[in-house]
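Notes to accompany the following structure.
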Amino acid sequence: MTAQANTQNTVPTVKLLIGGQLVESKTTQWRDVVNPATQEVLARVPFATLDEMNAAVASAKEAFKTWRKTPIGARARIFLKYQQLIRENMQELAAILTAEQGKTLPDAEGDVFRGLEVVEHAASIGNLQLGELANNVAGGVDTYTLLQPLGVCAGITPFNFPAMIPLWMFPMAIATGNTFVLKPSEQDPMVTMRLAELAMEAGVPPGVLNVIHGGVDAVNLICDHPDIKAVSFVGSTKVGTHVYNRATQNGKRAQCMMGAKNHAIVLPDANKQQTLNNLLGAAFGAAGQRCMALPVVILVGEAQQWLPELIEKTKTLKINAGAEPGTDIGPVVSCSALDRIGSLIATGIGEGATLVLDGRNPEVVGYTQGNFVGPTIFSDVTTEMTIYREEIFGPVLCVLHADTLNDAIALVNANPNGNGTALFTRSGAAARHFQEEIDVGQVGINVPIPVPVPLFSFSGSRASKLGDLGPYGKQVVQFYTQTKTVTQRWFDEDEVGGTVNTTITLK
Ligand code: NAD
């Protein structure tokens, strides 16, 4: 049942975008894009040939010659138009996303919307890409900085946010004057392609944005190609580490946002109902396939007694196809993801965790072929267990206990990942202590999924991130530009030149 190449010609094909043209790949290697609620084959995606991938990079390299000099206002206006087009097409984009990825329609709109916020930010590039100037650093001498684009940049994206994460990447790269080659996830490339088409409609010139499809070969080409200057990756830790090492060894800039195992800490003074509701959304929403999901909850002290109520509330969540109104949890992305989650649940039982809510094999009327797994809760989980150590990426919650906030903080900091975390409390002092001591990139205080808006940059600690700079916000302007300092002096017309030893004396 896993996605195999469908040989029927009736299924539409996903195109490449090279030099401003949507191109039918000449490859012999294809993969089906499958609706995870029904197993319907929606499209076939090509694994681009080497020639096609090289053509995409060549077209980006050629386009850079003129794009890098395009006035900043002209670049900004394209993104003003682009945000408008995304808004106008929001429902269509969400429907495509739900069909190929499985998340609910409101969640799919959220996926597009969070990307749209980055596009809006890209429209302010005039302010974001300003340099600095120091007047009179020496007599008659000024120094200023130029933030200049790098050249061809590339992005590699995961399946779980096929709208938001591509939009984290190419708008800011292009707005800063670079050209771009994007490789979306081969599992759900259709909404990404629609976004690329809208970018062209908004006025992104031919060659400035290119899209190739594929898997390992496409990723390795991006890491190796001498004309690609910077690589932005979002996906699993295993692949991200490979990308980071390979790209940086080849002299490229790289930033890799990677895997997670996010913990919520619940103190007994927290608002109980709000906390439990927030936990449900963060643990089980999007079928647990968010890098900022909360798959681990540490109940501190008397908060341990909240577990039965958490289980009862969880039972009220509705499992159904993402396109059906009222759905809380849609299918997971693929049959292989479903198999993996099922096998990890079995391992959890085998290793001695207590399965207090078993979501396996839920009955979903009308969608008997869907990749469904309902919300699942384990208690008595220890840090040695596989279900604690592995990123399950499904609607499976591990509940642990701690006696004190400090014990809980130590637990979080001992986990290899540091993507997101949240504390639920009414105590300002506890919240501040948590904020100071926790070693995690995104910290929420009574906020379950604290993804920063694009005024800030996405972050990550330890195994969740490689590279210094985040994928959007202010940091990404630095990532996609080279700072040049210019120190200049202008002579008065009647000055008669300098001596042989004319140097600038910095006093
Ligand atoms: P993935 O690592 O399997 O795939 C990501 C990209 O790498 C895809 O484009 C894929 O084609 C490519 N790829 C897959 N296997 C490869 C290989 N062996 N060699 C080279 N390239 C390969 O990730 P996924 O399953 O699509 O996405 C889920 C993962 O992404 C989770 O680990 C999740 O935590 C992580 N993620 C992290 C963030 C973040 O911001 N930290 C955001 C979203 C997702």
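Every number for a ligand or one of its atoms is a count from 1 in the order of the listing. We use all heavy atoms of the structure for the numbers below, so side chains are in, but hydrogens, waters and symmetry mates are not. Predicted model only: the values in this text are computed from it and were never measured.
Taking every heavy atom of Ser236 and a limit of under 4.0 angstrom, the matching atoms of ligand 1 come to 1 (P), 2 (O), 23 (O), 29 (C), 30 (O), 32 (O). Close contacts of ligand 1 with Phe393, meaning ligand atoms under 4.0 Å from a residue heavy atom, involve 28 (C), 31 (C), 33 (C), 34 (O). Heavy-atom contacts of Ile156 reach the following atoms of ligand 1: 6 (C), 7 (O), 9 (O) (cutoff under 4.0 Å). Under a 4.0 Å criterion applied to the non-hydrogen atoms of Glu391, ligand 1 contributes the atoms 31 (C), 32 (O), 33 (C), 34 (O).
Taken to the nearest 0.5 Å, the CD1 atom of Ile156 stands 7.5 Å off from the SG atom of Cys256.
No side-chain heavy atom of Met164 sits less than 4.5 Å from a side-chain heavy atom of Leu167. Under the 4.5 Å side-chain criterion, counting only non-hydrogen atoms from C-beta, Val333 is not in contact with Glu100. Looking only at side-chain heavy atoms (C-beta outward), Leu423 and Val443 stay at 4.5 Å or farther from each other. You'll find the side chain of Arg290 reaches within 4.5 Å of the side chain of Asp107, heavy atoms only.
The single protein non-hydrogen atom nearest to atom 13 (N) of ligand 1 is Val239 CG1, 3.9 Å, given as residue, atom name and distance. Shortest contact from atom 17 (C) of ligand 1 to any protein heavy atom: Val216 CG2, 3.6 Å. Residue, atom and distance of the protein heavy atom nearest to atom 40 (O) of ligand 1 are Phe458 CE2, 3.1 Å. Nearest to atom 11 (O) of ligand 1 among the protein's heavy atoms is Glu186 OE1, 2.6 Å. Protein heavy atom in closest approach to atom 24 (P) of ligand 1: Phe159 CD2, 3.6 Å. Counting protein heavy atoms only, atom 35 (C) of ligand 1 is closest to Gly235 O, 3.2 Å.
A distance-only check finds a donor-acceptor pair linking the side chain of Trp67 to the backbone of Asn178 [under 3.5 Å]. The backbone N or O of Gln289 lies less than 3.5 Å from a partner atom in the side chain of Asn160, making a donor-acceptor pair. Put simply, the side chain of Thr347 gets close to the backbone of Ser343: a donor and an acceptor are under 3.5 Å apart. Here the side chain of Arg253 pairs a donor or acceptor atom with the backbone of Phe479 at under 3.5 angstrom. In terms of modelled atom types and a separation under 3.5 Å, the side chain of Tyr82 and the main chain of Leu195 share a donor-acceptor contact. Judged by distance alone, with hydrogens and angles left aside, the side-chain atoms of Asp380 form no donor-acceptor pair with the main-chain N or O of Ala353 at under 3.5 Å.
At a threshold of 4.0 Å, the pair Glu390-Arg340 counts as salt-bridged, since one of the basic side-chain nitrogens sits closer than that to a carboxylate oxygen.
Considering backbone and side-chain atoms together, Gln187 places no N or O closer than 3.5 Å to any N or O of ligand 1. Polar contact with ligand 1: present for Thr157 (N/O pair, distance under 3.5 Å). Here's the thing with Asn160: none of its N/O atoms is less than 3.5 angstrom from an N/O atom of ligand 1. Considering backbone and side-chain atoms together, Cys291 places no N or O closer than 3.5 Å to any N or O of ligand 1.
Remark: distances from the non-hydrogen atoms of Phe161 to ligand 1 are all 4.0 Å or more. Under a 4.0 Å heavy-atom criterion, Trp168 is in contact with ligand 1. In this structure, Ile165 has a heavy atom closer than 4.0 Å to ligand 1.
Protein heavy atoms are absent from the 4.0 Å sphere centred on atom 4 (O) of ligand 1.
When non-hydrogen atoms are compared, ligand 1 lies under 4.0 Å from the side chain of Asn419 (C-beta onward) but not from its backbone.
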